[in-house]
Amino acid sequence: MYKKLSDNRVRCHVCNHRCLILDGKRGICGVRENRKGKLYSLVYGKIIAEHIDPIEKKPLYHFMPGSFSLSIATIGCNFKCLHCQNADISQISKEKPEDVKILGEEVKAQKIIQDALDGKCPSISYTYTEPTIFLEFALDCMKLAKEEGLRNVWVSNGYMTKETLDLITPYLDAANIDLKAFSEEFYRDICGAQLKPILENLIEIKKRRIWLEIATLIIPGKNDSEKELKQIAEFIKNELGDDTPWHVSRFFPHHEMQDVPATPIEKIYEAVEIGKKAGLKYVYPGNV
Ligand code: SF4
């Protein structure tokens, strides 16, 4: 999904970065490359991770509970989170997008569906890294999955464009989307992105009747003030509904955020209380 411009430049419209990409260069995610005015996905069918997980691990607690989900990913991400928990497969080169090594095993979409059926998984989750950046492969799997009666789940940062959301909506059954913070500063400085499009997408996903659960990793000193947690909880309650589950999880030092201590357990239970006080029916502590 891109637009061809003059001088063999292209504009990618898959996620809200809407990268302008010169000939021979890649977008921010490092996995889409402009070759003479044509934009190629370099990760189509290049699977870096494939596992069978409990659906609760996504985390989704209200969607097919007790079931297993075949979970897949390619490399790459459109965010640069300093605290990324899967940096070994998502943040392969942050110096230059062109340095991202396209690793992964060549797999056909049909094989993914067969693996889900063989593994008795009633759903497929597009997860671990960011499904938006492997949109074309995810979409092909989603279509085939539907033909076999399987459900599709996205675990995402929610930074897809409206156009991408339109493409996946007919095949998407459930999503767990991160609401990492409630400030533009956090998204800009820690993730290299913006908050506003994510809030808009969350409202849109809910409107489209896709099952939605929200996850927030609580990081000491970064997004853990009472005010910010209250803002997140109230946004969920007022804009998404009080039956939208909120998962508040403990942070552990990771990737480029080794200098920040793990979240005290009491902080997680404080967040649970804030969520409940705001009127949310389902608030779950994670990583405790
Ligand atoms: S998917 Fe990649 S290339 Fe496209 S807009 Fe997002 S970061 Fe840029």
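Read the numbers this way: they start at 1 and go in the same order the structure lists the ligands and their atoms. Treat the numbers as computed from the prediction; the structure is a model and nothing was measured.
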Please list, in number order, the atoms of ligand 1 under 4.0 Å from a heavy atom of [X].
| X | answer |
| --- | --- |
| Arg18 | 5 (S) |
| Cys19 | 3 (S), 5 (S), 7 (S), 8 (Fe) |
| Gly27 | 3 (S) |
| Val14 | 1 (S) |

Got a sec: is His17 within less than 2.8 Å of atom 4 (Fe) of ligand 1 via an N/O/S atom?
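No, His17 does not qualify, because none of its backbone or side-chain N, O or S atoms lies under 2.8 Å.
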Hydrogens and angles aside, do [X] and [Y] bring a side-chain donor and acceptor to less than 3.5 Å of each other?
| X | Y | answer |
| --- | --- | --- |
| Ser71 | Lys58 | yes |
| Thr244 | Glu213 | no |
| Arg32 | Ser41 | no |

Can you tell me if Cys15 has an N, O or S atom under 2.8 Å away from atom 2 (Fe) of ligand 1?
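Here the distance criterion (N, O or S atom, under 2.8 Å) is not met by Cys15, so no.
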Note the single closest protein heavy atom to atom 7 (S) of ligand 1, along with its residue, its atom name and the distance in Å.
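The closest heavy atom on the protein side is Cys29 N, 3.5 Å.
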So which heavy atom in the protein is nearest atom 4 (Fe) of ligand 1, and how far is it from that ligand atom?
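Checking every protein heavy atom, the shortest distance to atom 4 (Fe) of ligand 1 gives Cys12 SG, 2.3 Å.
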From Glu204 CD over to Leu212 CG, what is the distance, rounded to the nearest 0.5 angstrom?
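CG of Leu212 is found 12.0 Å from CD of Glu204.
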Within the supplied structure, the quantity of interest is the number of heavy atoms (other residues, nucleotides, ligands) at a distance under 6.0 Å from Gln258 CD; does it exceed 12?
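More than 12 within 6.0 Å, yes.
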For Lys281 and Asp242: C-alpha separation, side-chain torsions, deciding distance, then whether salt bridge (charged side-chain N to carboxylate O under 4.0 Å, His left out) applies.
CA-CA 6 Å; Lys281 287 185 184 151; Asp242 62 3; 3.8 Å; yes
